[in-house]
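Sequence lines set the chain letters: A, B, ... in the order given, protein chains first and strands last, and positions in each chain run from 1. The model shown is predicted, which means the values in this text are computed figures rather than measured ones.
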Protein chains: 2
Amino acid sequence: MFSKACEYGIRAAVYIALQSLEGRRVSVNEIAEEIDSPIAFTAKILQQLSRNKVIHSVKGPTGGFEIERTDMDNLKLNMIVKAIDGDQIYVGCGLGLKECNEDKPCPLHDKFVAIRTDLRHMLESTSLYELATGLEVGLTYLKR
Amino acid sequence: MFSKACEYGIRAAVYIALQSLEGRRVSVNEIAEEIDSPIAFTAKILQQLSRNKVIHSVKGPTGGFEIERTDMDNLKLNMIVKAIDGDQIYVGCGLGLKECNEDKPCPLHDKFVAIRTDLRHMLESTSLYELATGLEVGLTYLKR
DNA sequence: CATTAATCGGACAAAATTGTCCTTTATTTG
DNA sequence: CAAATAAAGGACAATTTTGTCCGATTAATG
Ligand code: FES
Ligand code: FES
């Protein structure tokens with residue numbers, strides 16, 4: 001469904017959101033540890049998220065990654081997915097035709113679009129804040 | 001969503017189904033031509049489908065691939081997807097945890113499972129026959 | 001029985017994704 | 001200002017996925 005990079009990206013963003021709620025800024029090392037991901041690869045992904053303004057980074061001692069509390073409600077999953085995997089998941093044809101096209105649809109078009117639309121709505125409506133709070137109260141996990 | 005191999009596999013299977021409805025057996029070359037896919041790679045995928053009894057193959061002159069008319073209604077997309085991509089799409093965690101686990105869910109679990117379940121139902125209920133008939137009447141396309 | 005047409009299967013090649021390492025840049029602190 | 005710390009970024013390596021090639025196998029046909 002999502003690329004590995006995107007999976008790590010979402011897990012990292014949720015962890016950063018959680019820590020930012022407590023006013024903590026976190027390092028790549030801590031993030032990779034807490035979400036159980038390869039450190040250097042995670043660093044690359046965080047760079048992407050930072051460039052795309054999904055998260056905020058600060059260099060130097062006491063630096064690290066954070067997410068502004070005020071942004072958190074408006075930061076939806078689809079922004080992370082778009083930043084990392086692009087919009088193929090939104091516009092691509094389920095059977096791999098050049099593009100999904102209503103006028104010359106593949107045999108699966110109608111059924112595929114229905115599910116893709118649900119997925120899009122889910123990603124567009126789910127905020128990092130929402131996901132972070134589930135973590136906070138111990139209902140959900142970022143590693144196992 | 002699906003791998004390239006799986007996309008080609010579904011397109012190929014639908015084309016074979018369509019031709020089988022007209023009593024024709026088709027070669028890899030014809031299939032690859034009609035669904036616009038790399039020939040040798042398509043051949044590999046057809047082997048997989050053949051081994052998994054999704055399609056039937058006949059060697060030698062006049063040989064090729066076909067699908068029994070009697071099977072066609074019962075041949076659902078999920079069999080193709082399982083044969084080629086395995087069941088990761090059915091049991092995998094959306095955020096990449098080792099496995100999807102109700103008891104120690106990732107933050108996205110509930111929302112992800114809802115969509116994954118819809119997808120599963122769609123794949124389990126959609127038959128090759130159904131997809132082939134749409135092609136037959138010119139409503140849908142396998143290449144563009 | 002020889003020829004030919006087709007899939008099967010293994011080895012290989014190319015490309016994309018995933019992952020690592022190391023140097024540079026920015027920032028804090030003493 | 002010097003040292004230490006952390007992200008940025010570029011080059012490279014490993015793995016997986018995608019794709020190719022070619023000989024072996026099977027079956028039909030004259
Ligand atoms: S054309 Fe294939 S999903 Fe729309
Ligand atoms: S645990 Fe992540 S989707 Fe179920």
side-chain hydrogen bond (donor to acceptor under 3.5 Å, both in side chains) contacts in which one or both residues fall within residues 58-70 of chain A, not counting sequence neighbours: A:Arg25-A:Glu66, A:His56-A:Glu66
Rounded to the nearest angstrom, tell me the gap between atom CD1 in B:Ile31 and atom C1' in C:dC8. 15 Å
According to ring pair (Phe, Tyr, Trp, His ring centres under 6.0 Å), does anything in residues 14-40 of chain A pair up with another residue at least two apart or in another chain? List the pairs. none
Would you say that more than 12 heavy atoms from the other residues, nucleotides or ligands in this model lie under 6.0 Å from the NZ of B:Lys143, or not? yes
Looking only at non-hydrogen atoms, find the nearest pair between A:Gly9 and A:Ile80 and report the distance. C-CG2, 4.2 Å
Linking Ile, Leu, Val, Met, Phe, Trp and Tyr by side-chain heavy atoms under 4.5 Å, what else ends up with B:Val113? none
Report the hydrophobic cluster partners of B:Tyr141, with the cluster defined as I, L, V, M, F, W, Y residues connected by side-chain heavy atoms closer than 4.5 angstrom, directly or transitively. none
Nearest whole Å is fine: how far is C:dT18 C1' from A:Arg11 CZ? 14 Å
Could you tell me which residues satisfy side chain to side chain donor-acceptor pair (under 3.5 Å) with A:Arg24, sequence neighbours excluded, listed by chain and number? A:Gln19, A:Glu30
Base-contact (B) and sugar-phosphate-only (S) positions in nucleotides 25-30 of chain D, heavy-atom cut-off under 4.0 Å, - elsewhere: BBBB--
How many Å lie between CD on A:Glu66 and C1' on C:dT27, as a whole number? 14 Å
Can you pull out every side-chain hydrogen bond (donor to acceptor under 3.5 Å, both in side chains) where at least one residue sits in residues 101-114 of chain A? Sequence neighbours excluded, please. A:Glu102-A:His109, A:Lys111-B:Thr126, A:Lys111-B:Glu130
State, yes or no, whether a side-chain contact exists between A:Phe65 and A:Val58 at a heavy-atom distance under 4.5 Å. no
Please work out whether the ring planes of A:Tyr8 and A:Phe41 are parallel, tilted or perpendicular, with thresholds of 30° and 60°. perpendicular
Write down the atom of A:Glu7, the atom of B:Cys93, and the distance for their closest heavy-atom approach. OE2-O, 4.2 Å
How does the hydrophobic cluster around A:Val137 look, that is, which other residues are in it when side-chain heavy atoms under 4.5 Å mark a link? A:Leu139
Can you pull out the residues from residues 14-30 of chain A that lie within a 4.0 Å heavy-atom distance of DNA chain C? none
Below 4.0 angstrom from OP1 or OP2 of D:dT18, is there any side-chain N or O of B:Tyr8? no
Atom pairs, N/O to N/O, protein against nucleotides 13-17 of chain D, distance under 3.5 Å?
none

Any residue in residues 38-57 of chain B with a heavy atom nearer than 4.0 angstrom to DNA chain C? Just list them by number, or reply none. B:Lys44, B:Gln47, B:Ser50, B:Arg51, B:Ser57
Show me the pairs that pass ring pair (Phe, Tyr, Trp, His ring centres under 6.0 Å) and involve residues 70-100 of chain B, at least two apart or across chains. none
